[in-house]
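Here the structure comes first, spelled out in C-alpha cells, and everything after it is commentary.
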Amino acid sequence: MFPLLLVLLAVPLFLSARKQKRAMAEQQSLQNSLEPGDKVMTTSGLYGTVADASHDTTIDIEISEGVVTRWLRAAIREKVVDTDEAVTEETADEAGEQVTTAQVAEPLDHNAKK
C-alpha cells in the first residue's frame, strides 16, 4: 500500500517538473531569437521594439521614438504581433457575418403607436 502511495505522489511531481522545464526552454529560445525590429513585451507590461540584441545578457528596447532603454533578456516575456498584421481571413469572415446580421435586423421605431 505504501509503495502505491509513493507512486501516486511522484507522478504529478514528475509531470509538473517536465512542464516547467519545457516552459523554461521555450522562454530561453524566445530570448535567444530576438533581433532588432522585433516588437516585444516585458514582464512588467512595457511594449517596445528591439533596438540592439548584440549583448549576451542585455537587450536594448526602444519604447518611444528616440528613447532606448536597456533590459535584461530575462525580462522579455513575449514577442508581440501588430494587430494590423494579425488580421486573418477567419477574423475578416467573422466581421463580415456580424455586419450581415446587423444589416438584416430592422431598426426599432420608438415613436410608432401600437
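Counting begins at 1 with the first residue of the sequence.
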Nearest heavy-atom neighbours spanning Ala51 and Pro36: O-CB, 3.8 Å
side-chain hydrogen bond (donor to acceptor under 3.5 Å, both in side chains) involving Thr69 - partner list, sequence neighbours excluded: Trp71
Of all pairs that satisfy salt bridge (charged side-chain N to carboxylate O under 4.0 Å, His left out), the ones with a partner from residues 27-38, not counting sequence neighbours: Asp38-Lys79
Listed partners of Ser29 passing side-chain hydrogen bond (donor to acceptor under 3.5 Å, both in side chains), at least two apart: none
Co-membership, hydrophobic cluster, residues Val7 and Phe14, 4.5 Å side-chain: yes
Sequence neighbours left out, cut at 3.5 Å: what donor-acceptor pairs do the side chains of residues 15-23 make with other protein atoms?
unit_1: Ser16; atom_1: OG; unit_2: Pro12; atom_2: O; d: 3.2
unit_1: Ser16; atom_1: OG; unit_2: Leu13; atom_2: O; d: 3.0

Gln28: side-chain contact (heavy atoms from CB on, under 4.5 Å) partners, not counting sequence neighbours: Gln31, Asn32
Rounded distance (nearest 0.5 Å) linking atom CG of Leu34 with atom NZ of Lys39: 13.5 Å
Those residues that, when tested against Thr42, pass side-chain hydrogen bond (donor to acceptor under 3.5 Å, both in side chains) (two or more places apart): Ser44
Interatomic spacing from OH in Tyr47 to CD in Glu78 - rounded to 0.5 Å: 6.5 Å
Without placing hydrogens or testing angles, list every side-chain donor-acceptor pair under 3.5 Å for residues 57-68, not counting sequence neighbours.
unit_1: Asp60; atom_1: OD1; unit_2: Arg70; atom_2: NE; d: 2.9
unit_1: Asp60; atom_1: OD2; unit_2: Arg70; atom_2: NH2; d: 3.4
unit_1: Glu62; atom_1: OE2; unit_2: Gly66; atom_2: N; d: 3.0

side-chain hydrogen bond (donor to acceptor under 3.5 Å, both in side chains) partners for Ser33, two or more places apart: none
Within 6.0 angstrom of Arg73 CZ, more than 12 heavy atoms from elsewhere: yes
